[in-house]
Structures are given as C-alpha cells and as structure tokens.
Amino acid sequence: MKTLSVIVPCYNEEEIILQTYSRIKNAIQIPQISGTIIFINDGSTDGSLSILKDICAIDSNVKLISFSRNFGHQPAVTAGINSCTSDLAIIIDADLQDPPELIPLLIEKLEKEQANSVYCVRKARVGESWFKLFSAKLFYRFLNNMSEVKFPLDTGDFRLIDRKIISEFNGLKEKGKYIRGLISWLGFKQVPFYYERDARVAGVTKYPLKKMFSFASTALLYFSKKPLMLAISLGFFAMLLGLILAIWFIFGKIYGYTNAETGWTSIVIIIIFFGGVQLLTIGVLGQYIGILFEEVKERPEYIVGEKCNFK
Ligand code: UDP
Ligand code: MG
C-alpha cells in the first residue's frame, strides 16, 4: 500500500471547489493507493474557506492549510509539498484544467518506468486566450535559451513526484520558488506524459498580467545569470562603435569628408541611446540586487493561519 497526497492550491475558487473535490476523490480510488487531498487556501476572499472547512468536517482524508493572506500560487504549492508525508504527491490546479482522471495513469507510468517524477506536457490547451498561449510558448522557449538548466517545454506544475523528489525539494532554501524549474533541476528520473489541457470549469483566471509577469521574472532571474551579461555585451558594442566613429572622424578631418560642426543630431542621439543603455543595465543589476534583498531577509514564504485534519 502506497500513500498519495493530492496538492490543490485554491484562490477564490468557490464556484468549483466542490466539483474539484468530488472529481479528485473519485480519481484517487486506486487499488494499493491510499489517497489524501491537501487543499491550500491562499487567502481567498470569497466563500472558498468555509466550503473547504465543510469538506474537512465530513471527510477526514481531506486536509486544509489556510494562509493568513494571499501569498501566491507557488508558495501555496510549496506549503502543500512541505506538509505532505506521503510516498507520492500530485500537484494539480483547482480549476480542473488538468483532468484529475489522469492521476491513475500517471501513477501507472511512474511505476512502469521506475521514474521519480511524471510531468505533464500540454499537447493542446482549450479555452485560453491567444495572448496567454502565445506568451507562454514564447516565454518557455526564451527561458530555456537563457537558463543554465534545460526545462521540458509546455509543462506546468501538474505532475506526480515521489518521496525522493519531495524530500530534496523540502531541502531547498531559496524563498522565490519557480517550482517546475526547481523540480526539473533536482534531476533523478523524470518522464513526460502528454495530455490535452481543458478549459477552466468555472470562474476566471487568478493569474492576471501582473502575477504572470512576476512569475516569469522569478523564473528568469533565479535560473539565469545571462541578463547580467547584457551590460558586458552592450559595453563592448558601445566601445566598438566609439572606436569606429573615432577612426571615421579622424580620417574625415584629414581627408575633409566630414564637417564636425553639423554633428548636433548625432551627439544628441548618442547621448540618449547610451543613457538608455546605462539605465537598462543598471535596471538589470537592480533586479538581481532585489532578489538578494528578498532572500537575505529570510522571511518565510507563507504564513499559515489555520489547519484542519492535520494530526
Ligand atoms: N492560485 C493560488 N493563488 C494565486 C493565484 C492562483 O493559489 O494567487 C491557484 C488557483 O486557485 C488555481 C491555480 O493556482 O488553482 C492556478 O491558477 P489559475 O487557474 O487562475 O491560472 P491559469 O490556469 O489561468 O494560469
Ligand atoms: Mg487555470
């Protein structure tokens, strides 16, 4: 008999929680598996918390961690992984975009391939805006180019992980977590499972542009030092341009093909251009300093307000 925890982050999902609960509950009736569901209430401001508490009251196989406020999707999943004591864990969204019915297939694949993790790769995504599809496609490819670690493309957090991965993940000390990247960075045997992602069952996305941007910048800054090389490359480019211009003007003076007095426009353009280059590179440095600042404060990633059904 193996134990399984299904980790479900929820932020204002009152319309779907009951449906999510019953579909996951049905999906984890698997022979030789004893399943638990861990809901993480990420500071919902709607009725999610009371629905989750009602579920906990009638089903002792459902656990609840409720945050003191909204900390975000990645901290919520982290809290789930930190608190699970099972042999296996599934990370799944509450909106049923990732079908819970795939869970038995993931476990079967893990066992058949003797793998430590089965990550789900989206073959198709139904009901997403063209902007989300396009930006996600572009971002994952860009990140793979920038990062020192190579990640599987078109893969979210929906995956099955075993105890080895759970323990190693729990040992990671960084606060800014890009979970799918970190799990892939851990190594071990990780195999893909291709599936079609459904549309959200109800409600709207809880990832507005601002959150998407902060998620993408955590991924980039924590997994790549390449943006720091930008200053060096731009510096070389500026030096080369300066050298070429210097040679051009010296020869121009000698052979009389330039008239330096009419250079007002070029001077203004050069000043503005390199002012921009300098600000940009200072900005990049600032982003990394910002991360150091966040990390050295050593604040916890999340604060738990209350828990249900944890022994
Ligand atoms: N979520 C969360 N905290 C947040 C935002 C989202 O716990 O601050 C949860 C949300 O309830 C859902 C999952 O993270 O279970 C993924 O969010 P969503 O489906 O809105 O993102 P999308 O699929 O649109 O990228
Ligand atoms: Mg979703």
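Ligands are counted one by one from 1 in listed order, and the atoms in each one are counted from 1 as well.
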Q. Of all N, O or S atoms in Asp95, which has the smallest distance to the Mg ion (ligand 2)?
A. OD2
(Q) Return the closest protein heavy atom for atom 17 (O) of ligand 1 as residue, atom name and distance. (A) Tyr207 CD1, 3.8 Å
**Q.** Residues Lys123 and Asp154 bridged, charged N to O under 4.0 Å
**A.** no
**Q.** Identity and distance of the protein heavy atom lying nearest atom 9 (C) of ligand 1
**A.** Pro9 O, 3.8 Å
Q. Are side-chain N/O atoms of Ser5 and Ser86 paired as donor and acceptor at under 3.5 Å?
A. yes
Q) Which ligand 1 atoms, with their elements, are less than 4.0 angstrom from a heavy-atom of Cys10? A) 7 (O), 11 (O)
Q) Would you call Lys177-Glu174 a salt bridge at under 4.0 Å N-O? A) no
Q.
Checking side-chain contact (heavy atoms from CB on, under 4.5 Å) between Ile7 and each of Ile40, Ile161, Ile37, which is the one that passes?
A. Ile40
Q. Counting from 1, what ligand 1 atoms have a heavy atom of Asn70 closer than 4.0 Å?
A. 3 (N), 4 (C), 8 (O)
Q. Do you see an N/O/S atom of Thr205, backbone or side chain, under 2.8 Å from the Mg ion (ligand 2)?
A. no
(Q) Between the side chains of Lys173 and Glu295, is the shortest nitrogen-to-carboxylate-oxygen separation below 4.0 Å, so that they form an ion pair? (A) no
Q: Pick, from Lys206, Glu13, Lys132, Arg200, the option with the minimum heavy-atom distance to atom 22 (P) of ligand 1.
A: Lys132
Q: Give the residue, atom name and distance (to 0.1 Å) of the protein heavy atom nearest atom 19 (O) of ligand 1.
A: Asp95 OD2, 2.6 Å
Q: Report the nearest protein non-hydrogen atom to atom 1 (N) of ligand 1: residue, atom name, distance rounded to 0.1 Å.
A: Tyr11 CB, 3.7 Å
Q | Arg23 and Glu101 ion-paired at < 4.0 Å | A | yes
Q | ligand 1 versus Thr205: contacting region, heavy-atom distance under 4.0 Å | A | both
Q: Would you please classify the geometry between the Phe71 ring and the Phe67 ring as parallel, tilted or perpendicular, with 30° and 60° separating the classes?
A: perpendicular
(Q) Before you tell me yes or no, could you show the steps for Tyr119 and Phe158 under ring-ring contact (aromatic ring centres under 6.0 Å, His included), namely the whole-Å CA-CA distance, both residues' side-chain angles and the distance that decides it to 0.1 Å? (A) CA-CA 7 Å; Tyr119 57 89; Phe158 181 34; over 10 Å; no
Q) Quick one: does Ala94 get an N or O within less than 3.5 Å of an N or O on ligand 1? A) yes
Q.
Quick test of your reading of the structure: of Met212, His73, Gln97, Arg197, whose heavy atom lies closest to atom 14 (O) of ligand 1?
A. His73
Q) Between Glu13 and Arg200, is there a side-chain N and carboxylate O pair less than 4.0 Å apart? A) yes
Q) What is the closest protein heavy atom to atom 3 (N) of ligand 1, and at what distance does it sit? A) Asp42 OD2, 2.6 Å
**Q.** Test item, Lys211 contacting ligand 1 (heavy atom, 4.0 angstrom)
**A.** yes
